[in-house]
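Data first, discussion second: the structure below is written as structure tokens.
Just so you know, ligand 1 is whichever comes first in the structure, and atom 1 is the first atom listed for that ligand.
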Amino acid sequence: MMKLVAHCMCGLLSSVAGLGSLAYLGESHAASDTPAAILLQNVRVFDGKAPRVSGPTNVLIVGPLIQTISSTDIEADSSVTRIDGGGRVLMPGLIDAHWHSMFLATTPLVGLTSDVGYLNLLAAAEANATLLRGFTTVRDMGGPAFSLKRAIDEGVVAGPRIYPSGAMITVTSGHGDFRQLYELPRTIGGPPARMEQIGASAIADSPDEVRVRVREQLMQGASQIKLTAGGGVASPHSPLDVSTFTPPELRAAVEAADNWGTYVAVHAYTPRAIRTALDAGVKCIEHGHLADDATAKLMAEKQVWWSLQPFLEDDGQGQFPEGSQEAAKKKEVAAGTDRAYALAKKYKIKTAWGTDILFSRELAKGQGAMLASMVRWYTPAEALIMATSTNAQLLALSGKRNPYPGKLGVVEEGAFADLLLVDGDPLQNLQLIADPARSLVVIIKNGVIVKNSLAAVTPANKTFP
Ligand SMILES: [Zn+2]
């Protein structure tokens with residue numbers, strides 16, 4: 001039986017779910033103007049930046065922000081929700097820098113043949129699951145996530161903060177062109193293809209078309225722009241080796257984004273695709289698993305971000321049919337992962353962590369396990385710093401288009417209260433992140449408790465109204 005306790009948070013989802021479930025309490029507006037407050041007592045803090053946990057600490061959250069962090073007692077009145085951390089580790093909510101909120105619970109076929117309403121409902125359920133895995137923010141790198149983001153921000157459904165790119169912009173036959181061959185030839189200026197109608201991707205074959213497509217995403221609230229500058233794994237007509245957009249097309253995108261104070265990220269695997277993008281002023285390379293030494297060096301010199309995912313050959317079981325060209329492409333990319341991380345470390349490239357999980361609810365459950373797999377290349381602390389404060393720096397690159405201006409990915413006074421209480425020390429054992437149902441005993445987003453499994457078993461729940 002689910003246990004729900006409402007506390008007043010104007011306009012925000014407000015629930016305490018004993019078994020990790022969530023509910024929308026739409027009528028929880030309080031008459032009082034006093035923001036809700038939570039006092040976390042006796043926690044040890046991993047702040048998202050330093051590779052250590054603190055001694056016993058108390059943390060006071062007021063409204064959406066962390067107000068006070070202190071090793072001594074914090075005075076608080078009886079209206080404050082108290083959580084006894086019991087010496088557990090408090091850390092920032094996790095950030096996935098490469099996520100596709102709208103395409104987790106669908107196959108490409110379902111995505112292309114279903115009503116958008118259905119896709120949004122699937123995505124809302126997955127957003128809830130994402131939050132309960134401890135991911136309080138995602139950078140959405142392609143898909144019609146604007147309505148989902150809005151509903152989450154309004155507290156209608158539970159989910160992470162979303163930095164949306166909107167439709168991924170591609171060339172004819174590029175990564176993201178999911179048309180069937182019978183849909184060719186396309187009449188220039190003709191009706192949009194199905195994937196364009198739903199805002200999943202947008203085809204642009206000239207600098208002018210690129211400008212239109214970029215501005216359409218910005219108009220809808222994109223925080224950054226995503227182009228596919230080379231071939232991809234999951235799309236049917238784009239061999240991995242191809243470069244897609246021409247330099248003038250890439251420059252048109254960069255200029256249109258820059259006019260709005262934000263940046264372009266490109267999907268690219270090969271040295272040629274990466275270099276063409278860097279020359280055009282692209283600020284972030286998504287993937288890049290086939291980069292060579294000279295290209296990595298150039299990325300470092302230009303101080304661009306490398307948004308890299310720990311793809312391994314043995315992951316993604318069942319994502320693509322055995323023997324399919326997609327499965328073969330995934331293998332080729334995964335074979336580059338070790339070298340890519342080695343190059344990122346060698347040249348001290350600003351490296352973001354993300355998963356790029358697509359088209360599989362089962363794989364989505366392994367989001368935390370993909371972070372845990374980073375111990376192949378990094379210490380647990382390095383991996384956690386990457387998935388919190390470092391990823392937050394990449395998010396901030398959205399500048400004036402940042403939908404959540406403020407401090408994310410850190411436990412510090414004045415930062416957003418997106419927090420996880422971990423039963424165990426993730427700096428010693430990163431596998432804890434792979435088992436969120438058990439390890440993450442409290443999840444707080446924007447100062448609202450979305451999970452508190454301590455409340456069901458400790459006297460602390462008696463302090464709730
Ligand atoms: Zn992707």
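- The CD atom of E126 sits 14.0 Å away from atom NE2 of H100, with the distance rounded to the nearest 0.5 Å.
- Checked against salt bridge (Lys or Arg N to Asp or Glu O under 4.0 Å), D292 has no partners two or more places apart in sequence or in another chain.
- Listed by chain and number, the protein N, O or S atoms at a distance under 2.8 Å from the Zn ion (ligand 1) are H98 NE2, H100 NE2, D356 OD1.
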Would you mind writing out the side-chain donor-acceptor pairs for residues 424-434 within the sub-3.5 Å range, not counting sequence neighbours?
| from | atom 1 | to | atom 2 | distance (Å) |
| --- | --- | --- | --- | --- |
| D425 | OD1 | L427 | N | 2.9 |
| N429 | OD1 | Q431 | N | 3.1 |

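- Ring geometry for Y269 versus H287: interplanar angle under 30°, hence parallel rather than tilted (30 to 60°).
- The list of salt bridge (charged side-chain N to carboxylate O under 4.0 Å, His left out) pairs with a residue in residues 382-401, not counting sequence neighbours, is empty.
- The side-chain tip of R161 points at the ring of Y404 from less than 6.0 angstrom away and within 45° of straight on.
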